[in-house]
Amino acid sequence: MDIQKALTNTLASAFHDLFDQKVDPDSLLLQATRKEFEGTYTFVMFPFLKLTKSSPEASGEKIGNYLLKHLSEVSAFNVVKGFLNISLSPAYWIRLFEELYLKKEIGSFPQKESRVMVEYSSPNTNKPLHLGHLRNNFLGFSIARILKAYGYEVIKANLVNDRGIHICKSMVAYSKLGNGETPETAGIKGDHLVGKYYVLFDKEYKRQVRELMDAGMQEEGAKKAAPWMEEAQQMLVDWEAGDPETVGLWKKLNGWVYQGFEATYRQMGVDFDQYYYESDTYLLGKDIVSEGLEKGVFFKKENGSVWADLSEEGLDEKLILRADGTSVYMTQDMGTADLKYRDHQIDKSVYVVGNEQDYHFEVLFKIMRKLGRPYANGLYHLSYGMVDLPSGKMKSREGTVVDADDLMAEMINTAREHTQELGKIEGFSLEEAEALYEILGLGALKYFLLKVDPKKRMLFNPQESIEFQGNTGPFIQYTHARIAAILRKAAQIELDYSAARCRNYLSLETVEQSLIFQLNDYSNKIAAAAEELSPALIAQYLFDLAKEYNRFYAELPIFSETQAEEQAFRVALSAQVAKTIKSGMGLLGIDVPQKM
RNA sequence: GGUCCUGUAGCUCAACUGGAUAGAGCAACUGCCUUCUAAGCAGUAGGUUUCAGGUUCGAGUCCUGACAGGAUCACCA
């Protein structure tokens, strides 16, 4: 039953019967009626006054009456200025509710014959994850779930940047100052340990640069001539040559980092189906260079470097291969794009990468299109904005990064304090209580990072950002826990709230109507979130739903002063809201508790 | 300097893609726990949507131009 379609079809025939005008039903748009007016859907008359040749009010009246006569679901209408507000009958609402209530699965779409890869996280292995990575990981994981719900087969991929000069920096510092330290002996996570040496490298390197400059060297020269930098560069060369000692050290440090990352990912609640490592893929793409030269997509300069000329597309020339024949970032990414396609025959590929790489991906996608890749039109860059601190941008060198592990631990701790303050853990075992703190702390954090439009950059204030009231994860989780309590009580008194029992309840309150409307809207939101790659739409939806439910909860009694069918319906409605919240929060990667 | 993104209440964010009197949350203030969880609900206050033009029945949304913030424009990744 698609009421919007029925309405637009009837509107079109109204134009035909009343005004002798042919109108395409698909061109007629309905919008949700604003809260302060009576009705569910609103049809705006203004664009059609030329067809009706009468005033907005008169046209609205005529069409409203026509709807009333020809569509049984329409129970009333009113016209305010040029807006025709349409009300639907209680019978319609109850029927719609029953339809939703009886569905086994909520918010699921028919399986598409289409496979999509979502690449996210993609960390460097020289330092631990920070707040920016949290936004990336939560976004990627959530988008993967949303696309899956929308019917795609989804592959979550992590392209680990495990080689390069940055790793070598940590390696140099460790070989100088490490003294055989390990995560075990140091008592810290492997990624943090390696990060420590990365910072130590930077410190010493800066000192060396300053020393050289004091001795009269220019800054640029000093930066290259600093002994540790020269060693790091040499290490990179050795690594590429496969020098056993260098590779051994590299493996050791990376192994520690992976152990650390794994713990962080587990705490974040994200996972991957496929890992790619740049140490395996960094040489890929070179054969595409020759292919591109043959096809005339690329051209060679006198010194032997290879370029793509994108000036016709409004961009400029872009380097594809260095004069010495070594590859650049773009070369690798072309190769990896092919690799992903070869491995999984994907139709779409989503790259969850920060917006500082907008230009890079614009170029990459254009090149793949020019090369005639079959998957080129399915490439998307989910470009998200940076997370700023009140002090401005996070800078690892200035020690202003917010560490991911620390932040999550802090969140869980705050949840613990807050819950204990409210005295809400009576009857909880210790394990149950700890599990709850984790659900709430991470829920607050994830919701906070996901509720904002991904492409906008956002502000994170450690002191104030994470609340447990208002538009927050815990608010929605709380709503779920409240409903769970109702369902426990219903079970306890053995209340029958089957669909058949709700059917006779026809004196719906407006809150109840609007809840049914919102429940029905869930699948539309999933579709929109999937198409726009925006979990924020789900977050916003869940907040609105929870808010509306809490209004219902405060205004209407359930177990007392109610008729049998009224009671059954309200419990069933609550159950459906809880189900939707659980499902929607699941799309955000957030758990919901039964009690809190 | 070129290109791209952003600018909405004191703060953090919405606004169904051009529709009605621009909405939430936080912070402030006022009510509501002897009924299903007060991490809640109801209310008050808070706006020249950065500015100036333009397009039309109608603009926060579209176009032009300023202004402000950010990103990017490497034989870096």
Side-chain angles (χ1 to χ4, degrees), chain A residues 29-37 42 44-47 49-50 56 80-83 85 124 161 164-166 278 282 301 303-307 314-316 318-330 332-333 354-360 362 383 385-386 388 392-393 415 418-419 421-422 424 440 444 448 451-453 455-461 464-465 467-472 474-479 481-490 521 524-525 528 532 536-537 540 543-544 546-547 549-561 570-571 574 595-596:
Chain A
L29 292 177
L30 293 168
Q31 53 183 299
T33 304
R34 292 182 71 97
K35 265 205 175 131
E36 59 267 40
F37 299 100
T42 293
V44 184
M45 297 304 308
F46 296 114
L49 300 180
K50 278 175 191 137
V80 183
K81 295 198 256 174
F83 299 90
N85 302 318
N124 292 352
N161 187 2
I165 190 69
H166 50 286
E278 286 200 4
Y282 80 106
K301 291 195 175 174
N303 66 359
S305 58
V306 178
W307 297 72
L315 305 175
D316 48 15
K318 189 79 190 170
L319 179 80
I320 302 297
L321 198 70
R322 293 194 188 99
D324 63 7
T326 57
S327 45
V328 291
Y329 190 31
M330 190 63 72
Q332 289 180 45
D333 266 7
N355 63 9
E356 73 259 357
Q357 295 193 31
D358 282 355
Y359 183 68
H360 172 77
E362 198 182 347
S383 158
M386 297 292 102
D388 288 327
K393 220 182 145 172
H418 200 67
T419 305
E421 215 168 275
L422 291 170
K424 291 230 179 180
L440 295 179
F448 179 83
K451 74 175 180 187
V452 180
D453 184 348
K455 70 170 185 278
K456 292 192 177 170
R457 76 175 207 271
M458 64 186 297
L459 184 78
F460 181 85
N461 186 333
E464 299 163 16
S465 278
E467 306 277 338
F468 289 80
Q469 277 145 13
N471 189 357
T472 64
F475 169 83
I476 297 166
Q477 292 170 319
Y478 176 69
T479 308
R482 277 183 140 183
I483 297 175
I486 287 173
L487 299 181
R488 280 195 296 275
K489 173 147 182 175
D521 211 23
N524 297 332
K525 296 296 178 186
E532 292 175 37
L537 298 177
Q540 188 66 39
F543 175 63
D544 290 339
K547 218 168 122 56
Y549 182 81
N550 280 311
R551 206 157 76 83
F552 159 85
Y553 184 95
E555 278 178 11
L556 300 174
I558 294 179
F559 292 113
S560 55
E561 308 164 32
R570 285 180 184 164
V571 173
S574 301
K595 285 191 230 169
M596 68 184 272

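Below, all heavy atoms of this structure are taken into account, side chains as well, without hydrogens, waters or symmetry copies. Below, read A as the first sequence line, B as the second, and so on, with proteins coming before strands; counting in each chain starts at 1.
N161(A) comes within 4.0 angstrom of sugar-phosphate atoms only, judged by non-hydrogen atoms across all strands, and of no base. The residue D388(A) sits apart from the nucleic acid: no heavy atom pair falls under 4.0 Å.
Partners of Q332(A) according to the side-chain hydrogen bond (donor to acceptor under 3.5 Å, both in side chains) rule, which considers only residues two or more places apart in sequence or in another chain, do not exist here. Every residue meeting the side-chain hydrogen bond (donor to acceptor under 3.5 Å, both in side chains) condition with H360(A), not counting sequence neighbours, appears here in chain and number order: D333(A). F448(A) pairs by the ring pair (Phe, Tyr, Trp, His ring centres under 6.0 Å) definition with F460(A), not counting sequence neighbours. The salt bridge (charged side-chain N to carboxylate O under 4.0 Å, His left out) search around K424(A) returns none, not counting sequence neighbours. In terms of the ring pair (Phe, Tyr, Trp, His ring centres under 6.0 Å) criterion, residue partners of F46(A) (sequence neighbours excluded) are, by chain and number, F83(A). For L459(A), the side chain to side chain contact (heavy atoms under 4.5 Å, CB included) partners two or more places apart in sequence, or in a different chain, are D388(A). With sequence neighbours excluded, no residue forms a side-chain hydrogen bond (donor to acceptor under 3.5 Å, both in side chains) with T419(A). With sequence neighbours excluded, the residues forming a side chain to side chain contact (heavy atoms under 4.5 Å, CB included) with R34(A) are E36(A), F37(A), listed by chain and number.
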What's touching nucleotides 16-20 of chain B from the protein side, N or O pairs under 3.5 Å?
unit_1	atom_1	unit_2	atom_2	d
U17(B)	O4	E532(A)	OE1	3.2
U17(B)	O4	E532(A)	OE2	2.6
A20(B)	OP2	R34(A)	NH1	2.9
A20(B)	N6	T42(A)	OG1	2.8
A20(B)	N6	N85(A)	OD1	2.9
A20(B)	N1	N85(A)	OD1	3.3
A20(B)	N1	N85(A)	ND2	3.3

At a cut-off of 3.5 Å, list every protein nitrogen or oxygen paired with a nitrogen or oxygen from nucleotides 3-13 of chain B, distance to 0.1 Å.
unit_1	atom_1	unit_2	atom_2	d
G7(B)	OP1	K456(A)	NZ	3.4
C13(B)	OP1	L459(A)	N	3.1

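Because its NZ or CZ atom is both nearer than 6.0 Å to the ring centre of W307(A) and within 45° of the ring axis, K301(A) counts as a cation-pi partner of that residue. Remark: K451(A) fails to qualify as a cation-pi partner of F543(A) under the 6.0 Å distance and 45° angle criteria applied to the six-membered ring.
Residue F543(A) is the one, among V328(A) and F543(A), whose nearest nucleotide of RNA chain B lies closer to the 5' end (criterion: closest heavy atom).
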Please, what dot-bracket string fits RNA chain B when only Watson-Crick and G-U pairs with both distances under 3.5 Å count, crossing ones use [ ] and pairs to another strand use |?
-> (((((((..((((.....[...)))).(((((.......))))).....(((((..]....))))))))))))....

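The existence of a salt bridge linking R322(A) and D324(A) is excluded, since no basic side-chain nitrogen approaches an acidic carboxylate oxygen closer than 4.0 Å.
With a glycosidic angle more than 90° from 0, C51(B) adopts the anti conformation. Anti is the glycosidic conformation of U21(B), whose angle departs from 0 by more than 90°.
The separation of A45(B) from A24(B), taken at their C1' atoms, amounts to 16 Å, rounded to a whole angstrom.
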Between protein and nucleotides 32-42 of chain B, map the contacts as a letter string: B base, S sugar-phosphate only, - none, heavy atoms under 4.0 Å, written 5' to 3'.
-> ---BBBSBSSS

